[in-house]
Amino acid sequence: KAGVTQTPRYLIKTRGQQVTLSCSPISGHRSVSWYQQTPGQGLQFLFEYFSETQRNKGNFPGRFSGRQFSNSRSEMNVSTLELGDSALYLCASRTEGRQQWEQFFGPGTRLTVL
Amino acid sequence: QQPVQSPQAVILREGEDAVINCSSSKALYSVHWYRQKHGEAPVFLMILLKGGEQKGHEKISASFNEKKQQSSLYLTASQLSYSGTYFCGLKGSSNTGKLIFGQGTTLQVKP
């Protein structure tokens, strides 16, 4: 079974630009969560999507948004990039069945904002 | 709201034991433990549910003290492959993928 895939793996942007990151969950997983990882703040929850609906949202400004498509693939968008948005963005998928406690993380997208 | 992990870092020799603690000030539904190796994605180790149920993949043991809202991860007879950063993640309810992670504990196992 293929794992969670994220594209692109690396991205360099400048302040003020916007960026879209993509996540393809494990086949059959309908729940996708996004996390931001930085050395200073650690792993912070951004949002969770299930069946194309946002189910939970973390404490991030409105510049961070996401969506999920009918095939469970998810995208997150960051508008008006700031230097502090430089981070590793991880998505994780999980099933809603018997093994629903385990989240499978993708390799992440490393975003650098200059 | 973020759980507090201790210690922040630990260095071991192969075969030695270690304990990593995770404390929360809020009532929990479950505690999840993940390990992340440098440059890789976090990998699920174990979940401890309210009521005592545990589920995991590896030969790693853990405990969950509901009264104290504290979980401990026990790494016994450590191997080089145990090196990495260990995170505890907390869930407040069952039907959510939202995990609130601690700052992490860096474990280095030396030969």
Side-chain angles (χ1 to χ4, degrees), chain A residues 2-6 9-10 23-26 29-51 53-60 66 68 72 74 87-110, chain B residues 1-6 8-9 20 22 24 26 28-58 60 62 64 71 84-106:
Chain A
V4 178
T5 57
Q6 292 187 245
R9 292 292 311 278
Y10 302 91
C23 171
S24 292
I26 290 172
H29 287 192
R30 293 194 293 160
S31 170
V32 174
S33 296
W34 287 89
Y35 292 84
Q36 181 195 65
Q37 186 173 31
T38 59
Q41 300 297 320
L43 274 161
Q44 291 190 288
F45 174 79
L46 281 156
F47 24 65
E48 178 192 15
Y49 285 87
F50 175 74
S51 290
T53 301
Q54 187 179 87
R55 190 153 65 176
N56 278 291
K57 191 177 191 309
N59 296 324
F60 279 81
Q68 187 180 33
S72 295
S74 178
L88 180 66
Y89 290 88
L90 294 160
C91 84
S93 75
R94 68 187 183 106
T95 181
E96 293 289 310
R98 288 181 62 238
Q99 300 284 105
Q100 56 90 20
W101 59 83
E102 181 174 357
Q103 292 198 69
F104 294 84
F105 281 85
T109 294
R110 173 75 62 183
Chain B
Q1 286 193 359
Q2 187 178 38
V4 177
Q5 286 186 234
S6 62
Q8 287 190 323
I20 300 172
C22 174
S24 171
K26 298 184 75 173
L28 305 173
Y29 170 77
S30 60
V31 180
H32 303 234
W33 286 95
Y34 283 79
R35 177 174 60 212
Q36 185 178 29
K37 294 182 180 285
H38 184 69
E40 298 181 10
V43 174
F44 172 81
L45 294 176
M46 174 172 286
I47 178 178
L48 299 103
L49 293 154
K50 194 175 175 180
E53 190 177 3
Q54 297 185 10
K55 299 178 191 298
H57 293 302
E58 298 198 14
I60 290 176
F64 181 19
S71 178
T85 301
Y86 290 77
F87 293 96
C88 67
L90 309 183
K91 264 196 198 184
S93 62
S94 62
N95 192 24
T96 175
K98 178 179 180 179
L99 285 169
I100 306 299
F101 283 99
Q103 282 291 85
T105 295
T106 301

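Just so it is clear: chains get the letters A, B, ... in the order the sequence lines come, proteins before strands, and each one is counted from 1.
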Part of B:Q103 lying under 4.5 Å from any heavy atom of chain A: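 Just its side chain gets close to chain A.
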By a 4.5 Å heavy-atom criterion (distance strictly below it), what part of B:L99 contacts chain A: side chain, backbone, both, or neither?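 Contact with chain A involves both backbone and side-chain atoms of B:L99.
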For [X], which atoms come within 4.5 Å of any heavy atom of chain B: side chain, backbone, both, or neither?
X: A:F50; answer: neither
X: A:L43; answer: both
X: A:Q44; answer: neither

Tell me the closest heavy-atom pair linking [X] and [Y], and the distance in Å.
X: B:F44; Y: A:Q103; answer: CB-O, 4.3 Å
X: A:G106; Y: B:A41; answer: O-CB, 3.0 Å
X: A:R94; Y: B:K91; answer: NH1-NZ, 4.0 Å

Quick one: CD on B:Q2 to CD on A:Q41, what's the gap to the nearest 0.5 Å?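 Reported to 0.5 Å precision, the distance equals 7.5 Å.
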So how far is it from A:F105 CZ to B:Q36 CD, rounded to the nearest 0.5 Å?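 These two atoms lie 8.5 Å from each other.
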Decide yes or no on ring pair (Phe, Tyr, Trp, His ring centres under 6.0 Å) for B:F101 and A:Y35, but give the supporting numbers first. CA-CA 10 Å; B:F101 283 99; A:Y35 292 84; 5.5 Å; yes
